[in-house]
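Below, chain A is the first sequence line, B the second, and so on; all start at residue 1. On a predicted model such as this, the values are computed, not experimentally measured, just so you know.
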There are 2 protein chains.
Amino acid sequence: MDVSTPSAVNGHAPAAKAATIRDVAERAQVSVASVSRVLNGSDAITESTRRRVLDAVEYLRYVPHVGARSLSTSRTDTIGVILPDLYGEFFSELIRGMDLAARAHGKHLIVSSSHGDTEETLAALRSMRGRVDGMIVLSPHLRAANLAADVAGRMPVVLMNGGLDEAGRPSIAIDNHGAAVTAVEHLRATGRRRIAHIRGAAGNLEADIRAEGYASALVDQEPIIVEGDFTQAAGHRAATRLLALDQRPDAVFAANDMMALGAMLAFQEAGVRCPEDVAVIGFDDVPLAALVRPTLTTLRVNIAEMGRRGVERLIGLVQAGPNGAPDSACEIVRPLLVERQSTAAAETAGSTTVNPTAQPL
Amino acid sequence: MDVSTPSAVNGHAPAAKAATIRDVAERAQVSVASVSRVLNGSDAITESTRRRVLDAVEYLRYVPHVGARSLSTSRTDTIGVILPDLYGEFFSELIRGMDLAARAHGKHLIVSSSHGDTEETLAALRSMRGRVDGMIVLSPHLRAANLAADVAGRMPVVLMNGGLDEAGRPSIAIDNHGAAVTAVEHLRATGRRRIAHIRGAAGNLEADIRAEGYASALVDQEPIIVEGDFTQAAGHRAATRLLALDQRPDAVFAANDMMALGAMLAFQEAGVRCPEDVAVIGFDDVPLAALVRPTLTTLRVNIAEMGRRGVERLIGLVQAGPNGAPDSACEIVRPLLVERQSTAAAETAGSTTVNPTAQPL
DNA sequence: CTGTTAGCGCTTTCAG
DNA sequence: CTGAAAGCGCTAACAG
């Protein structure tokens, strides 16, 4: 052993260049096939061969080249995720859930954001060819998502884009319509009779469905819908417009929590009390919802769980292979109503004068 | 053309199996080499060849197989990121910044979390071999990070683990010590004389350095340190313990914003006013910091920007190649003091009776 | 049980 | 300007 080589000191080969399976075979005096076998724990192998191989691996610090491996096995053990964006709690929770599930199955995750652009979605998808075994596509636009599924060709794809009408494609979607109805009904049940809606970005599928659900659940009133884009600032602006109305609403259903929070802030600034003067309900149940005062009633979506399910669904498809039973089901996630202070019943609300001097967090 | 094949209708080949470069060559009546040339825009190519190739590509919906390509070019155009966790705003912001930078340079991102475990960190690192051109490693433990850099062998690695003493390795770190000193000095400048510290998890490098910086900046007082773990709940517990002290502190420096918020909540519940009775300063400047009341003074770290810098640094290393000028610099990010209400000067604080009835968000 | 060998899909000399 | 052929590192028959 050439002790003059620095790294030879700790019994390792100089790592000028990463060792290949051939180097290992050579050093262990066996064929590459045997090395491969040992490393993949496949066949029966003589204990002595195994030892020699493992020693060589150790000595050379050999790490199999996944790229090469997947080229020959045509498996990558990686799943691709295409998101419209990476900003905000929704996506980070989703990724976390997916990562957890992926790890549990020994898969890798490769994430790409498309910035909501259909072209970019497709570009991202293409660039994943040969890099992943399957994909999960989130897109606020039905078209992009479906297109993506087409482009993918034989690669399994799970759609998670909020639409329920993914006929023929494996997908997971939130029951946006049903949840919106639940929101309105809850507001009515707590005594509100003039309910407004701050909707999400135009053209966004989920926003459309929630708005539609809202409208369909109204009783004795016309829809009062103001545009938003899922940001807190938009919620603030929308609420300001609502306040300027001749007939102010006594309740607001915001298409997500961040807008609900923005609206609450606007109300507060205007001296309009929540929930006494106006009730507010959000959607998502971001952690923040329980931290503000009044705490925010909302429709909880277990995002990480959705991510997990998406991954497991996809893994199922991958394992089934192209000849597996065709999976065309749309799994539905039903948001859960979480009642908090912001929609406390109108009649009892007035008496909720708990420690008015406290500095709410 | 076989019009009976469904997809032949829109002028495409049946996509039973993804087309390879050979299929394209065959259909275009050229060699695979020419196809490769056209696709890589390399050599000069006859216009007619180019056309034929592009037509074939279009017809076959050919997408190059990145895995195969990288096997022969030994480039992957992908950078790997190993994080201790994926939970919370810090990491999502970091990933967002990294993604932005990666996209800007036409690179992909592959993220893996190690759950803080050194073994897992190494495993993740190994599994990235051949999949990435370089890595960014975040680890709260110096050891894991350094080990990782070793294991990586010839692969460029940028460390982002909070330690400043990464002698000999390219790295990016927050000036935790300096920022902690700034926090203490700010508290003193606003009249506080008995400053406590809620520290981060034991064994966490950043937590250690912040605590040390805190202690070093004290004047005329002994350190008052209570343990935390970066969660809001820990901040709450820690504050409760501080309140039980014989001599209550008149200021608290929490090692991050979430703990600061938890502490504020605890103070509020105990009827202790902030900032009048006790000032609170956090670290990070999460969005929430500006939304609570009182708004939270904190040390802002531009996380997305850090992510961007990490990626660009790594890309630089990758392009420089193994023979590039050795880069052993530690880039330092200095947090910025953002003064808000939670540390308003003691003497003026009393008069800040702005609209006490407002429902703070 | 182990070695030989033919690819996986692509890039890249090296000759025409 | 274009084609033939040699790999990149690994796996998986197929023989021994």
Side-chain angles (χ1 to χ4, degrees), chain A residues 17-54 56-57 60-78 126-133 153-155, chain B residues 17-54 56-57 60-78 126-133 153-155:
Chain A
K17 225 171 170 319
T20 74
I21 195 175
R22 202 124 52 202
D23 300 326
V24 176
E26 205 162 304
R27 182 155 226 277
Q29 304 278 27
V30 298
S31 71
V32 293
S34 295
V35 177
S36 178
R37 289 187 185 106
V38 171
L39 265 36
N40 294 305
S42 55
D43 280 315
I45 296 273
T46 318
E47 187 51 30
S48 90
T49 334
R50 152 176 264 94
R51 268 256 64 76
R52 295 223 303 288
V53 168
L54 292 179
V57 165
L60 296 168
R61 296 172 185 240
Y62 170 70
V63 179
H65 190 294
V66 279
R69 168 179 294 171
S70 72
L71 186 54
S72 72
T73 58
S74 59
R75 284 184 307 97
T76 63
D77 288 328
T78 300
R126 269 190 285 267
S127 79
M128 295 244 182
R129 147 120 207 258
R131 220 189 273 262
V132 302
D133 294 336
R154 297 204 71 60
M155 192 187 304
Chain B
K17 223 172 172 318
T20 74
I21 195 173
R22 201 126 52 204
D23 300 327
V24 176
E26 205 162 302
R27 179 155 229 276
Q29 303 280 28
V30 298
S31 69
V32 292
S34 294
V35 176
S36 176
R37 290 187 183 106
V38 170
L39 265 36
N40 293 304
S42 56
D43 280 315
I45 295 274
T46 318
E47 186 50 32
S48 89
T49 330
R50 150 175 266 94
R51 269 256 62 77
R52 295 223 301 288
V53 169
L54 292 179
V57 165
L60 297 168
R61 296 171 187 241
Y62 170 69
V63 178
H65 189 293
V66 280
R69 168 179 293 173
S70 73
L71 185 56
S72 70
T73 59
S74 58
R75 282 183 309 98
T76 63
D77 288 327
T78 300
R126 269 190 285 268
S127 79
M128 295 249 182
R129 147 117 206 258
R131 218 188 273 262
V132 302
D133 294 335
R154 298 205 71 59
M155 194 188 303

Note to self: Run the side chain to side chain contact (heavy atoms under 4.5 Å, CB included) test against A:Arg131 and tell me which residues pass, sequence neighbours left out.
What the structure shows: A:Ile110, B:Val66, B:Thr78, B:His108

Notebook entry, point to check: Between A:Arg75 (CZ) and D:dT11 (P), how many Å, whole number?
Noted result: 9 Å

Notebook entry, point to check: Just how far is it from atom CG of B:Leu54 to atom CG of B:Leu39, taken to the nearest 0.5 Å?
Noted result: 7.5 Å

Item checked: Residue pair A:Ala56 / A:Ala28: nearest heavy atoms and the distance that separates them -> CB-CB, 4.0 Å

Item checked: Euclidean distance, A:Glu26 CD relative to A:Thr20 OG1, rounded to 0.5 Å -> 8.5 Å

Notebook entry, point to check: Just how large is the angle between the end axes of the helix from C:dC1-D:dG16 to C:dG16-D:dC1, five pairs per end, to 10 degrees?
Noted result: 40°

Next item on the list: Using whole Å, report how far CZ of A:Arg52 lies from C1' of C:dC1.
Entry: 13 Å

Notebook entry, point to check: Once you round it to whole Å, what is the distance between C1' of D:dT2 and CD of B:Glu47?
Noted result: 16 Å

Check: Can you find a heavy atom in the side chain of A:Asn40 that is under 4.5 Å from one in the side chain of A:Arg69?
Finding: yes

Check: Whole-Å distance between C:dC1 C1' and A:Gln29 CD?
Finding: 17 Å

Next item on the list: Taking all heavy atoms of A:Ser70 and all of A:Gly67, pick out the closest pair and write down the distance.
Entry: OG-O, 3.0 Å

Next item on the list: Heavy atoms under 4.0 Å is the rule here; annotate nucleotides 4-11 of chain C 5' to 3' with B where the base is hit, S where only the sugar-phosphate is, and - elsewhere.
Entry: B--BBBBB

Item checked: Presence of A:Ser70 side-chain N/O under 4.0 Å of D:dC10 phosphate oxygens OP1/OP2 -> no

Check: So among B:Val38, B:Val30, B:Val35, which one has a side-chain contact (heavy atoms from CB on, under 4.5 Å) with B:Val24?
Finding: B:Val35

Item checked: Considering all heavy atoms, the nearest B:Ile45-B:Arg37 contact -> CD1-CB, 3.6 Å

